[in-house]
Student: 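Handing you this structure, nothing more for now.
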Amino acid sequence: MENKREFDLQTLRHSAAHILASAVVELFPGTKLGIGPAIENGFYYDFDLPVKLTEDDLPKIEQKMLQIIEKDYKFIRQEIDKQQAIKMFKERNEIYKLELLNEINEDKVSIYIHNNFVDLCRGPHINSTGELKYFKLLSVSGAYWRGDEKNPQLTRIYGTAFFTKEELEKYLQQLEEAKKRDHRKLGRELELFDIYEEEFGSGLVFWLPKGAIIRKIIEEYLRELHLKNGYQIVYTPHIAKSVLWEISGHLGFYSEYMYSPMDIEGQKYIIKPMNCPGHVLIYKSKLHSYKELPIRLFELGTVYRYERSGVLHGLMRVRGFTQDDAHIFCTPQQVQQEIMNLLDTVVKVLNKFGFKEYSIKLSTRPQKYIGDLDNWELAENALKTALENKGLPYEIDPGEGVFYGPKIDLKIKDAIGRLWQCSTIQVDFNLPQRFDVKYRDSDGQDKYVIMIHRALLGSLERFFAVLIENYAGVFPLWLAPVQVKILPISDKFLDYSKKILLQLQNNGFRVELDDSETTLQYKIRVAISQKIPYVVIIGQKEQQENKISVRKYGSDKTEMFDLEMFVEKLKLELE
Ligand SMILES: [Zn+2]
Ligand SMILES: [Zn+2]
């Protein structure tokens, strides 16, 4: 049922794209058409326009779309000879459609017509334009034809459509909320991170002091957690000989994401896109008996992957990032217990960061696979049983596993209901064979280990973006870069304020003092804009009574405290 609905929604949205295109062609004669698919949450259409469009033009286009909808034109499907289609699109000077047509290896193609508008299209579509009722155009941006920077840049108009007014309104509200939470905007305002495209390069992230302190807290939490859970921490180099990536297979199936090799003394080296082969070498540096397994190696490993500049997006899509990466080397019999432990850890970690709702997918054996069937069955069952034992609801994605093993993908739901890909647990039968990774079993035989790749948060950069958006920049006390800001009403209270600062710092808190010569109201406004959990106000009364006045973020109530009481309160909150 859900799938049918999803399919209908896509049909509606793709039809909306046709209606958008016909409106644009009517408004701007000479427009050439690119493509207009339905996408997650909406649709877009790419145009080569004779004019420059901005978002201010969208209402006008919407008006035109409404007229087309009102006329209730039928969507008519026609199958025509490819040659006939070529002739037709040539007459219309649709050079992009011609390019697409030339790549179709069939004699017949289908076109869809409504009113005077014709599009090369497989369909399906709604019956008539009048069936589109609730839609909205959202934004305008540039997009290279077929995503290739060497091609002309077209104008892309994004929009969305729903079956009901309520759904549309709910989605638009969520978009508004998402805009306010945009990690790129908050990252700038709160001085968390930056990207110096001009000087340093696109997709390469700088963690500014306030963001770096959060990263340090996350990293320390992760290291401690992994040590407690029987992992060993390792560090591995960032470049490796290209022959390593040949053995690992990455140069075969992953090369489009890898950077070009560099020459060092006549040898080719490549910057690492993954940490796995490094961990394999560490495991292989000595012989392991079955008694030593499982061996779990953990690294906050930085990797570099090529992404086209067009898809880079703040911290979400970058070219260099650090994973909370680990590899577990175990026997087939140990897989299930390891997965169970992992699921416990995943839930614990995600809870700690405030994420309590998940969507979990188990992807099973695809058509093309390697490894023997017994192991596949064993691993798939291990993943299933572990999920069931832990009472975690999941869906199965049949045949969607990677060719070298089944996996679990976990998405987290954020404060405004969006899902974000987060943890992955991937069983691997391939790499142990490629690198000949074995253990000596109790029968004296050397056997292949099973490798489990896993990342709990995924990329720290991406997870940080999700954190920023989830909390709208108002981090919980344990993560807040500055936990308390002290605001003296005037310089007269500076000495007492400094004493309070020192005592809070000695108790391990991250504290700042605002000694600027501005009014208290202004200082409060600044502290609020920095989303600092607590401000401490110091004036005559506080100094005389040897107390402090405290105001929590989001509240306009001020409360007097003894310093010790406040410290206790903070410590309690941190627990
Ligand atoms: Zn279509
Ligand atoms: Zn790996």
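Atom set for the values below is all heavy atoms of this structure, side chains included, hydrogens, waters and symmetry mates excluded. All figures in this text were calculated on a predicted structure; none of them were measured in a lab. In each ligand, atom 1 is the first atom listed, and ligand 1 is the first ligand listed.
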Student: Within 45° of the axis and under 6.0 Å from the centre of the six-membered ring of Phe43, does NZ or CZ of Arg13 qualify?
Tutor: no
Student: Tell me which N, O or S atom of His453 sits nearest to the Zn ion (ligand 2).
Tutor: ND1
Student: When Val118 is tested against each of Gln78, Arg92, Glu94, His18 for side-chain contact (heavy atoms from CB on, under 4.5 Å), which residue passes?
Tutor: Arg92
Student: Using 4.0 Å as the upper bound for N to carboxylate O, is an ion pair formed by Glu338 and Arg296?
Tutor: yes
Student: Hey, what's the angle at the Zn ion (ligand 1) spanning NE2 (His14) and NE2 (His18), nearest 10 degrees?
Tutor: 110°
Student: Backbone or side chain, does His279 get an N/O/S atom under 2.8 Å to the Zn ion (ligand 2)?
Tutor: no
Student: Salt bridge or not between Lys216 and Glu220? Use side-chain N to carboxylate O under 4.0 Å.
Tutor: yes
